[in-house]
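Some notes on the structure that comes next.
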Amino acid sequence: MSKGVVSKDEDYSQWYNDLVIKADMAEYSPVKGCMIIKPYGYSIWEKMQAVLDGMFKETGHVNAYFPMMIPKSFFSKEASHVEGFAKECAVVTHYRLKTDENGQVVVDETAKLEEELILRPTSETIIWNTYRGWIQSYRDLPILVNQWANVVRWEMRTRLFLRTTEFLWQEGHTAHATADEAIAETEQMLGVYADFAENWMALPVVKGKKTANERFAGALDTYCIEALMQDGKALQAGTSHFLGQNFAKAFDVKFTNKENKLDYVWATSWGVSTRLIGALIMAHSDDAGLVLPPKLAPIQVVVVPIYKHEEELENISGFVKELTRDLKAKNISVKFDKRDTHRPGAKFAEYELKGVPLRVAIGSRDMQNGTVELARRDTKTKETVNQEGLAMHIEGLLEEIQNNIYQKAFSFRAENTTEVDSYDEFKRLLDEQPGFISAHWDGTSETEQQIKDETKATIRCIPLDNKKEEGKCILTGKPSTQRVLFARAY
RNA sequence: CGGGAUGUAGCGUAGCCCGGUAUCGCGCCACAUUUGGGAUGUGGAGGCCGCAGGUUCGAAUCCUGCCAUCCCGACCA
């Protein structure tokens, strides 16, 4: 176990917190509920951004930027939307400070805003208010815009990366001429998220639809990807909403269609946030620290020289220089840690904590033998390999590690997903072997709510590829036609 | 917003019951020896004891008020 990190079996949430802090991902800030994302954590976000941004562009989207502050009145235009966010909005009321007679900085009460501004909890309102001016004809459609931004949601309780008052995300907001086209867009972006989660984060996800209870405020349908964490709790990793014509009606966004008739525009919105970093940590890491998938690791390979004299280091450096060149040619990021202030053992522990997928250790012994020692972070195994062809070997290993991490998470999810047909069994499983539970449900909000009240488990989603079969609701015994996915969630 | 707890060096803590200007570990700095799994020795720096009052000759310690943070609930990407 790594120093200063509690075992994940002993206290999962403490383990998570310890990892975030000790691995130098983030720290607490003086502002309640807000964290400081440190360079190492932020570089993972940058990698995620780069990949996702590429995927968005690939599917025809462009980036834009809208104001962080939204007039309060905008929120009253879509009833269910304001209801969903009203309780967690930060409000700007003044625009000036002054120094009072005691030399204290205070709010200048004379500088009160006529209309308060809301720090965006999400941008549907200001964007749809803007789209009104952009759209007159079907020829103006579709609009496929994405925004990288920060948002503020004043949550009661926060957790590093998983839920903070301010967080970073991207939000796509698209406008379409038909419902079908908007639904296709919603589903397409869900696919993009699933692709990203599985192929880059090595995180298997279930694609599905939310029930009415869990739906986004203002949406007709909310699609999501759900992942299972190592403690058996579910985490919503991304959402894609079909908003129907709700926001178009609220903000009066009409267009003339091909038949020369006036109609409201169809909308979607979709987003993922820095929460993905939390998912990444919780899904793969162990007691020694982070385990990062090579495709998103800020440092993919670290080289630790072991030497007693300056000449030895020079000798090793010559080799490392060549290795670095070969790896860079393959787009593999390398760090050569030749700091003289830390001993090799300390470096080994540090890079394990930070989840660097591959470590190359090389000393005089290796230089004589023409070998290096290669250590994998995911399996914690070490092997001695020839220097010749090392870059190619590393390239293959990184791929293997990426696959192995995914497989491991996939098996874990398979082992912790259970079909259940009775409420007693359902409750027993939640306590004894938490995970996804696939069960029949009568389709009513009341039943879902009662199950939530009694067990804290919610319907994570109705999987898109779920089992369609006759059955009885585990709570009410009423007929059901399909299984849905339950879990306790973050 | 309800219930519980805690604030002492960068971090983690002892001291508080029973008042006398603060303990230990990690970390930090210097030097030396070390370097294939978190080095060792010697020396050193670092504190408005959360804040404000009160009691007292004297307060980290006792009393009052405030502030902040954390944990558990309801809310949530």
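The sequence lines fix the lettering, A, B, ..., with proteins before strands; numbering per chain opens at 1. Worth saying up front: this structure is predicted, and the values here are computed from it rather than measured.
- Distance from the side chain of A:Ala349 is smallest for B:rG37 among the nucleotides B:rC75, B:rG37, B:rA77.
- Near RNA chain B, meaning a heavy atom under 4.0 Å away, there are no residues from residues 203-219 of chain A.
- The aromatic ring of A:Phe167 is stacked on the base of B:rA77, with the two ring centres less than 5.5 Å apart and the planes inclined by under 30°.
- The CZ atom of A:Phe85 sits 7 Å away from the P atom of B:rA77 (whole-angstrom rounding).
- The nucleotide whose nearest atom lies closest to any side-chain atom of A:Asp340 is, among B:rG36, B:rC75, B:rU35, B:rU35.
- Listed by residue number, there are no residues of residues 190-197 of chain A with a heavy-atom contact under 4.0 Å to RNA chain B.
- Across B:rC75, B:rG37, B:rG38, the shortest atom-to-atom separation from the side chain of A:Lys382 is found for B:rG37.
- Contacts between residues 276-285 of chain A and RNA chain B, defined by a heavy-atom separation under 4.0 Å, are absent.
- Of the N and O atoms on the side chains of A:His173 and A:Ser269, not one donor lies less than 3.5 Å from an acceptor on the other residue.
- Checked for salt-bridge contact, A:Glu171 and A:Arg120 miss the test: no charged N lies under 4.0 Å from a carboxylate O.
- Residues A:Phe75 and A:Phe85 keep their aromatic ring centres 6.0 Å or farther apart.
- Ionic pairing of A:Asp431 and A:Arg488 is present here: one or more N-O contacts between side-chain nitrogen and carboxylate oxygen are shorter than 4.0 angstrom.
- Using a 4.0 Å heavy-atom distance criterion, A:Thr274 is classed as making no nucleic acid contact.
- An anti base is found at B:rU8: its glycosidic angle is more than 90° from 0.
- With sequence neighbours left out, A:Lys380 forms a side-chain contact (heavy atoms from CB on, under 4.5 Å) with A:Ala288, A:Glu352, A:Arg377.
- Between B:rU35, B:rG38, B:rC75, one nucleotide has an atom nearer to the side chain of A:Lys452 than all others, and that is B:rC75.
- Among the atoms of the strands shown, none is found under 4.0 Å from any heavy atom of A:Leu235.
- When heavy atoms are screened at a 4.0 angstrom cut-off, A:Thr164 is found touching base atoms of the nucleic acid.
- Considering only residues two or more places apart in sequence or on other chains, A:Ser364 meets the side-chain hydrogen bond (donor to acceptor under 3.5 Å, both in side chains) condition with A:Glu312.
- Nearer the 5' end of RNA chain B, as judged by each residue's closest nucleotide, is the contact made by A:Gly33, out of A:Gly33 and A:Gly84.
- In this structure, the nucleotide among B:rC75, B:rA77, B:rG37 sitting nearest to the side chain of A:Ser273 is B:rA77.
- Using a cutoff of 4.0 Å between basic side-chain nitrogens and carboxylate oxygens, A:Asp231 and A:Lys233 are not scored as salt-bridged.
- OP1 or OP2 of B:rG36 sits under 4.0 Å from a side-chain N or O of A:Arg343.
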Item to check | 5'-to-3' dot-bracket of RNA chain B (Watson-Crick, G-U; under 3.5 angstrom; crossing pairs as [ ]; | other strand) | outcome: (((((((..(((.......[...))).((((((.....)))))).....(((((..]....))))))))))))....

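- Note: CG (A:Leu374) to P (B:rG37) measures 16 Å, nearest angstrom.
- One atom, NE2 of A:His241, and another, C1' of B:rA77, lie 9 Å apart when rounded to the nearest Å.
- Residues that satisfy the ring-ring contact (aromatic ring centres under 6.0 Å, His included) test with A:Trp154, not counting sequence neighbours, are absent from this structure.
- The residues A:Glu226 and A:Lys210 are annotated as salt-bridged, a charged nitrogen and a carboxylate oxygen being separated by less than 4.0 angstrom.
- When distances are taken from the side chain of A:Gln236 to each of B:rU35, B:rG37, B:rA77, the shortest belongs to B:rA77.
- For the pair A:Glu312 CD and B:rU34 C1', the interatomic distance rounds to 13 Å; values are reported in whole Å.
- Minimum atom distance to the side chain of A:Lys456 is reached by B:rG73, of the listed B:rG37, B:rG73, B:rU35.
- For A:Thr371, the side-chain contact (heavy atoms from CB on, under 4.5 Å) partners are A:Asp366, A:Asn369, A:Thr384, A:Asn386, not counting sequence neighbours.
- Counted by atom type alone, A:Gln14 and A:Asp18 present one or more donor-acceptor pairs between their side chains at under 3.5 Å.
- Judged as a ring-ring contact (aromatic ring centres under 6.0 Å, His included), and not counting sequence neighbours, A:Tyr307 has no contacts.
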Item to check | Chi angles and distances behind the side chain to side chain contact (heavy atoms under 4.5 Å, CB included) call for A:Phe426, A:Leu475 | outcome: CA-CA 10 Å; A:Phe426 181 87; A:Leu475 183 72; over 6 Å; no

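- Across the protein-nucleic acid pair, A:Asp24 atom CG and B:rC11 atom C1' stand 14 Å apart, rounded to whole Å.
- Rounded to the nearest Å, the gap between the C1' atom of B:rG7 and that of B:rG12 is 14 Å.
- The backbone N or O of A:Gln236 sits less than 3.5 Å from a side-chain atom of A:Arg275, completing a donor-acceptor pair.
- With sequence neighbours left out, the side-chain contact (heavy atoms from CB on, under 4.5 Å) criterion links A:Ser317 to A:Leu313, A:Phe336.
- Heavy-atom nearest nucleotides on RNA chain B were determined for A:Tyr307 and for A:Gln449, and the one closer to the 5' end corresponds to A:Tyr307.
- Shown here are the side-chain contact (heavy atoms from CB on, under 4.5 Å) partners of A:Asn146, two or more places apart in sequence or in another chain: A:Asp53, A:Phe56, A:Asn63, A:Trp148, A:Gln170, A:Trp270.
- Of the residues in residues 352-363 of chain A, A:Glu352, A:Arg359, A:Ala361, A:Gly363 come within less than 4.0 Å of RNA chain B through at least one heavy atom, sorted by number.
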Checklist entry - Would A:His393 and A:Glu383 satisfy side-chain hydrogen bond (donor to acceptor under 3.5 Å, both in side chains), going step by step from the backbone distance to the final call? => result CA-CA 12 Å; A:His393 186 66; A:Glu383 57 172 342; 3.2 Å; yes

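- A:Thr268 and A:Thr174 share a side-chain donor-acceptor pair at under 3.5 Å.
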